[in-house]
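Data block below; observations after.
If you read the sequence from its start, that first residue is 1, and numbering goes on from there. Just so you know, these numbers use all the heavy atoms, side chains as well, and skip hydrogens, waters and symmetry mates. Each ligand, and each atom within it, is numbered from 1 in the order the structure gives.
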Amino acid sequence: MAFTFQINSDVEFIHDEKLLRKAEENRPEIRKEKVLPSRIVEMVSDPSSLNGISVRTSEKEISKLPSYGWKRDDRLILDFGDHRVGSFEMEVDQTGSPMDAPLFLRLKFAEVPAELAAEASDYDGWLSRSWIQEEFIHLDKLPAKVSLPRRYSFRYVELKVIDTSPKWQAVFSNPSVITETSADGSSFTPLRLEDEKMQRIYDVGIKTLADCMQDVFEDGPKRDRRLWLGDLRLQALADYASFDNTALVKRCLYLFAGMTTKEGKISANVFVNPKNIPDDTFLFEYSLFFISVLYDLHQAHPDEELVKELYPTAKKQMDLSLQMFDEEGRLIPDENYPVFVDWSNEFNKDTAGQAEMIYVLKQFLALARIAEEPEMEFYLRKLELISGYAKEKLYRKDRKLFVTGDEEFNIASQVWMVLAGVMSFEENQEIMRTVVREMFPVTGIATPYMYHHIVEALFEAGLVEEAVCLMKNYWGKMIDLGADTFWEAFDPNVPEYSPYGSPIVNSYCHAWSCTPVYLIKKYLVK
Ligand code: RAM
């Protein structure tokens, strides 16, 4: 499985100051709260936890922390009780003889216990090692206050004394985190569900969403800490079902609309620090999903003015992508503008991409009507052509499945065609029944992003029981393995799988995995 970097540093971008000012006007307030650790823990091996590592309460008590002295190679793990995003501080002093050498300390921040067991020096993955949440500091004088300037995403903080001197020990006290989020917990009443497992899945989904809600909807507060359009689409849906922070969605839409390429293409993600910068990465459907986010926002909170204002950007994405279809209505994939669908590159994505276009084109038509699009007929014909190609050339009646590439039948094609509503409800149901029969248990998929779409397609096809079962087997399994927030990558068949070869760069609180919040509210609450 892989996701490849794109380097398109020669692409020129525009900065539309008017739209970017609106992004600024919708900048959220960051709420802060001081949180103290609940206990001191130690690592234990536990086959039922992720990577076989868990923690248990230490004999050392958190209330007595200032009375303990720590010497060379001593380690202490603070447990902050739940996943936290924020800045860390503590006081450090010494005990014993005079301080005849500096204190050399390593601080390690971990979202899950598995990270505590991994050593940064062993990391050899393709993703930057600079993501590893680890600091080395020297303190020449004690007492001192340590206030680290970075924002971390963690539940556990490991303090490792690299050295004091044989004459004295380090003393730690008052560790705390000042948490940061733009989610306002008082803005809604969380759902109460009868099914305990589903309740837990829902609660962890809410926590995941809240911790990703920062100055923008970040994909992950540990990594990549930026706004990705594909993640935004799902976060916004979960947001309407919970915190309902519409301003934050608008801010994100304005950021994307305000920084397109010269030809009008939206990049897959943007940075907002130290200033607004679009990334030179482009994904076919991520650009198109600008339309979906605008459409979904209008469904949740009708706003014709906003639709009209952002319609030209939406239309540009549609026009650029339509150029990738031939006269028969078939998607001609372009490796410089790849269809994403999932991280895996082990399956053909052409039919899924075709379906994504149909899915978005339908939403686009709804926006076009509001914007009084003069070329309505043109887009209606395109929808007919592209859907027609899917039905006539890609659907295999005998198999009750869509084909892709070279006679390949994969789950992504079926799921996206069902979501696009290409066939009738009855046919969709038949397709998803075939999927359950022939393609379950799902293999080779490690993103909650793809699992979300599988579950949604099951719900859309009326297969509620199967959808709930998959949610329990997927998100529920993360919880069984100890998740406080849902992960960026998880293959239930290979729980220890990391796309980067080490858990220390995995993101264990990742936006695209928060969707049970939306799925449960939309499909299970009457
Ligand atoms: C990774 C991130 C992000 C996702 C992209 C495509 O970099 O996990 O969330 O949208 O892949």
Q) Short list, please: which atoms of ligand 1 are under 4.0 Å from a heavy atom of F340? A) 6 (C)
Q) Are F5 and W126 close enough, and set up right, to give a ring-ring contact (aromatic ring centres under 6.0 Å, His included), and what steps lead you there? A) CA-CA 10 Å; F5 280 123; W126 57 273; 5.4 Å; yes
Q) Where does N269 meet ligand 1, judged by heavy-atom distances below 4.0 Å: at the side chain, the backbone, both, or neither? A) neither
(Q) For F243 and F188, I'd like to know if the aromatic rings sit close, meaning centre-to-centre distance below 6.0 Å. (A) yes
(Q) Test your reading of the structure: does W228 have an N or O sitting under 3.5 Å from an N or O of ligand 1? (A) no
Q) Considering distance alone, does some N or O of W512 sit under 3.5 Å from an N or O of ligand 1? A) no
(Q) Using a 4.0 Å cut-off to any heavy atom of H510, which atoms of ligand 1 qualify? (A) 2 (C), 3 (C), 8 (O), 9 (O)
**Q.** Check: Y156/E115 side-chain N/O donor and acceptor closer than 3.5 Å
**A.** no
(Q) I'd like to know whether ligand 1 has Y449 as a neighbour, heavy-atom separation below 4.0 Å. (A) no
**Q.** Numbered atoms of ligand 1 (with element) below 4.0 Å of Y286, judged on heavy atoms
**A.** 4 (C), 6 (C), 10 (O)
Q | D224 neighbourhood, listing ligand 1 atoms whose heavy-atom distance to it stays under 4.0 Å | A | 1 (C), 2 (C), 7 (O)
Q: Under 4.0 Å from a heavy atom of E488: give me the atoms of ligand 1 that qualify, with their elements.
A: 8 (O)
**Q.** Test: E218 and R151 ion pair at under 4.0 Å
**A.** yes
Q: In plain terms, say whether R155 and D79 are close enough for a salt bridge, that is, a side-chain N and a carboxylate O under 4.0 Å apart.
A: yes
(Q) Within the 4.0 Å heavy-atom shell around D219, which atoms of ligand 1 are there? (A) 2 (C), 3 (C), 9 (O)
Q: Using distance alone, with no hydrogens and no angle criterion, decide if D350 and Q354 have a side-chain donor and acceptor under 3.5 Å apart.
A: no
Q.
With a 4.0 Å cut-off on N to O distance, would you call E24 and R21 a salt bridge?
A. no
